[in-house]
Amino acid sequence: MKSKVTGLILAGGRGTRMGRVDKGLQPFRGSTLAAHVLDRLSPQAASVAINANRNLPQYQALAGTSPVLPDFLDGFAGPLAGLQIGLQFCPTELLLTAPCDSPFFPLDLAERLHAAMEAQGADMAMAVTMERDEQDAPYRQPHPVFSLIKASTLPQLEAYLDTGARRMEGFFKTLKVAEVLFDDSAAFSNINTLEELQHHERTAPAAPHDGSPAAHGAGTGDTDPPALPVAEAQRLICERIAPVEATETLPLLAALERVLAADIISPINVPAHDNSAMDGYALRGADLPGEGAREFKTIGTAYAGHPFTQAPQANECVRIMTGAPIPPGCDTVLPQELAAAIDGDQVTIAANAIRAGANLRRAGEDLQAGGIAIAAGKRIRPADMGLIASLGIGEVRVRRKLKVAFFSTGDELRSLGDKLDEGCVYDSNRYTLFGMLTRLGCEVIDMGVIKDDPQALQAALRAAAQQADAIITSGGVSEGAADYTRDIMALLGDVAFWKLAMRPGRPLAFGKVQAEQDSAWLFGLPGNPVAVMVSFYMFARPALLRMMGTQCQQQTTQARAAEAIRKRPGRTEYQRGILSTGNDGTPQVRLTGAQGSGILRSMSEANCIVVLHHDQANVAAGQMVDVMLFDGLT
């Protein structure tokens with residue numbers, strides 16, 4: 001998709017609401033507004049251009065080798081003029097637009113707009129959010145400057161502009177437009193005044209203009225502006241991860257919990273023949289009485305594995321057991337309990353006892369020969385093993401096991417059996433990681449504890465990359481003086497460090513470590529024990545499952561909060577809970593007590609995680625909340 005998209009930054013206005021200064025060039029968090037927009041737009045497009053009508057040398061310095069395009073029309077004709085020059089230049093099929101004064105738009109904007117455009121066969125897709133008016137009534141707010149549009153619409157735009165019209169809404173009415181609803185309204189806010197610019201500058205520390213997600217991740221709230229929302233981080237990881245390609249063929253008995261690498265194709269019909277769904281009597285439906293009752297003579301018995309091959313005649317039937325093949329000529333089974341009377345080989349059937357064709361299981365009703373019994377990408381469960389065996393298949397092709405290396409970092413950590421010096425703690429994270437990775441079905445490589453030493457860390461990462469598909473570390477990703485991971489990553493690979501809008505688990509590192517010809521994905525988790533587990537479940541686990549060739553299916557449900565829960569908007573919180581059944585029979589959840597990120601007992605006592613979403617505020621007792629069951633995290 002990215003190869004089809006050219007990005008266009010709309011910076012061609014006069015900036016009248018900002019005192020006629022050039023908005024895109026205003027200083028903002030260590031660079032300029034336009035630079036932040038460029039950072040967010042570049043990863044979503046094959047190339048980027050800037051539409052500007054003033055200060056072209058400054059914009060060209062920002063754009064580098066990318067073009068800066070003045071309006072084709074005179075007089076600062078508005079966003080449509082920028083769209084026109086963008087479409088005239090556009091070397092790809094699609095043009096993605098974003099204004100220079102909106103540095104917070106989603107990093108998956110192009111992806112979501114493109115999906116809607118494809119699904120609806122549209123000429124254009126635009127972002128839409130839900131807002132509330134002065135009476136607090138909801139309404140849909142379109143954001144036409146955040147749009148993905150086909151380059152082939154240029155003739156329609158130029159014909160519209162030739163009429164002298166300049167309103168975007170008027171032009172869009174000439175196109176088929178797909179609207180894409182985004183949850184975060186603040187992501188599409190623009191900075192119109194110097195006061196707003198100063199406000200946003202005060203609410204977040206300066207972010208580097210280096211293309212990193214740290215620069216991308218600036219939020220808009222006062223609570224934690226530079227933090228990346230959980231959903232956005234999950235999408236960024238998912239975009240980069242792909243399944244491992246290697247496969248192997250295993251005996252069916254060795255394939256439990258492995259991921260199918262190819263569809264299981266049924267070689268036979270299931271059932272193989274028409275058979276009875278009940279114990280009863282097989283007969284011809286045409287012989288059923290229309291009124292009154294009728295006697296049938298039993299001429300034989302059909303068993304599963306021992307069919308009765310004689311066709312009954314009028315007013316004759318065959319005693320039949322569940323699963324037995326239907327005798328020739330029969331198309332109906334009367335359950336024995338519905339017979340009006342049974343006297344030796346005489347069976348009396350009353351009118352309307354059953355309908356013709358009842359209680360038959362047709363050949364191929366479950367599976368037809370040549371059809372897909374189980375699709376590739378599924379983890380094989382016990383029921384799947386039974387189904388595969390029922391088809392006579394004894395071997396299956398599966399993805400090879402994922403190899404995951406893991407270690408803890410920190411001079412304060414001691415392994416079990418070592419003396420616990422003052423100020424030191426036993427390393428628990430490796431044991432929780434071992435358990436989670438083993439339950440996931442990975443081949444685990446335990447590399448122990450790595451000291452806070454740059455050379456030791458570099459050697460460990462190189463060794464891990466040479467033997468594993470993924471590396472998981474705990475600790476060493478915060479901003480502490482002894483956290484060397486950032487510096488080492490600059491030498492070894494392409495790794496981003498994020499501050500996430502979540503609790504517990506604020507710091508996270510993700511990217512690829514390169515060692516000679518080998519590479520591995522790195523997930524650098526926080527050091528606190530609960531944060532390690534939550535970060536693993538929310539980020540590493542879905543990515544590892546994707547590498548294994550399957551999808552993450554986290555089991556969630558809703559329950560009534562047994563007590564009030566404090567929560568501030570602007571971050572996602574994962575609190576440990578105990579799910580039970582209330583006196584009225586409905587699910588209810590209570591917290592395990594103190595929720596500190598170092599209190600591992602809170603995870604041990606819990607059977608679920610209470611998920612409090614990004615925009616959610618305090619929860620009152622009795623309010624419904626989302627819970628994620630631990631049973632689904634296997």
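Nothing fancy with the numbering, it's 1 onward along the sequence. The shown structure was predicted, so the numbers you read here are calculated from the model rather than taken from an experiment. Just so it is clear, the values below take in all heavy atoms, side chains as well, and ignore hydrogens, waters and symmetry mates.
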### Message
Once side chain to side chain donor-acceptor pair (under 3.5 Å) is applied, do any residues pair with Asn315, and if so which ones, sequence neighbours excluded?
### Response
none
### Summary
For residues 254-272, the side-chain hydrogen bond (donor to acceptor under 3.5 Å, both in side chains) pairs (sequence neighbours left out) are Glu248-Arg258, Glu257-Arg379
### Query
For residues 344-372, which residue pairs qualify under salt bridge (Lys or Arg N to Asp or Glu O under 4.0 Å), counting only residues two or more places apart or in two chains?
Asp274-Arg362
#### Entry: Minimum side-chain heavy-atom gap Ile299-Gln310 below 4.5 Å
yes
### Query
Using a distance-only test with no angle check, is there a side-chain donor-acceptor pair under 3.5 angstrom linking Gln336 and Asp279?
no
### Ala468 versus Ile445, closest heavy-atom pair with distance
CB-CD1, 4.2 Å
### Message
Per the salt bridge (Lys or Arg N to Asp or Glu O under 4.0 Å) rule, what does the pair list look like for residues 319-336, sequence neighbours excluded?
### Response
none
### Task
Might you work through the side-chain contact (heavy atoms from CB on, under 4.5 Å) test for Leu360 and Ser276, ending with a clear yes or no?
CA-CA 5 Å; Leu360 260 66; Ser276 176; over 6 Å; no
### Residue among Phe406, Trp521, Phe407, Phe523 satisfying side-chain contact (heavy atoms from CB on, under 4.5 Å) with Ile471
Phe407
### Query
Residues in side chain to side chain contact (heavy atoms under 4.5 Å, CB included) with Leu387, at least two apart?
Leu367, Ile374, Ser390
### Query
Closest approach of Pro267 and Ile393, non-hydrogen atoms and distance?
CD-CD1, 4.2 Å
### Query
Under the ring-ring contact (aromatic ring centres under 6.0 Å, His included) test, which residues partner Tyr574, sequence neighbours left out?
none
### Contacts of Arg400 that satisfy side chain to side chain donor-acceptor pair (under 3.5 Å) - sequence neighbours left out
Asp469
#### Entry: Residue pair Leu440 / Leu544, side-chain heavy-atom distance below 4.5 Å
yes
#### Entry: Beyond-backbone contact of Val128 with Gln141, side-chain heavy atoms, under 4.5 angstrom
no
### Task
State, to 0.1 Å, how close Ala302 and Val318 come at their nearest heavy-atom pair, and which atoms those are.
N-CG1, 4.0 Å
### Task
Output all residues satisfying side chain to side chain contact (heavy atoms under 4.5 Å, CB included) with Ser152, sequence neighbours left out; order by chain, then residue number.
Lys150
### Residue list, ring-ring contact (aromatic ring centres under 6.0 Å, His included) with Phe182, at least two apart or on another chain
Phe188
### N/O donor-acceptor pair under 3.5 Å between Asp518 side chain and Ala465 backbone
no
### Query
Among pairs that include at least one residue of residues 280-293, which meet side-chain hydrogen bond (donor to acceptor under 3.5 Å, both in side chains), considering only residues two or more places apart or in two chains?
Arg284-Asp287
### Task
Using distance alone, with no hydrogens and no angle criterion, decide if Thr129 and Glu131 have a side-chain donor and acceptor under 3.5 Å apart.
yes
### Task
Give the intermediate values and the outcome of side-chain contact (heavy atoms from CB on, under 4.5 Å) for residues Asn618 and Ile565.
CA-CA 6 Å; Asn618 290 338; Ile565 304 174; over 6 Å; no
#### Entry: Partners meeting side chain to side chain contact (heavy atoms under 4.5 Å, CB included) with Tyr303 (sequence neighbours left out)
Thr301, His306, Met321
#### Entry: Residues forming a side chain to side chain contact (heavy atoms under 4.5 Å, CB included) with Thr592, sequence neighbours excluded
Arg576, Ile578, Gln595, Ser602, Glu605, Ala606
### Message
Closer than 3.5 angstrom, by distance alone: can the side chain of Gln44 be matched with the main-chain N or O of Leu109 as a donor-acceptor pair?
### Response
yes
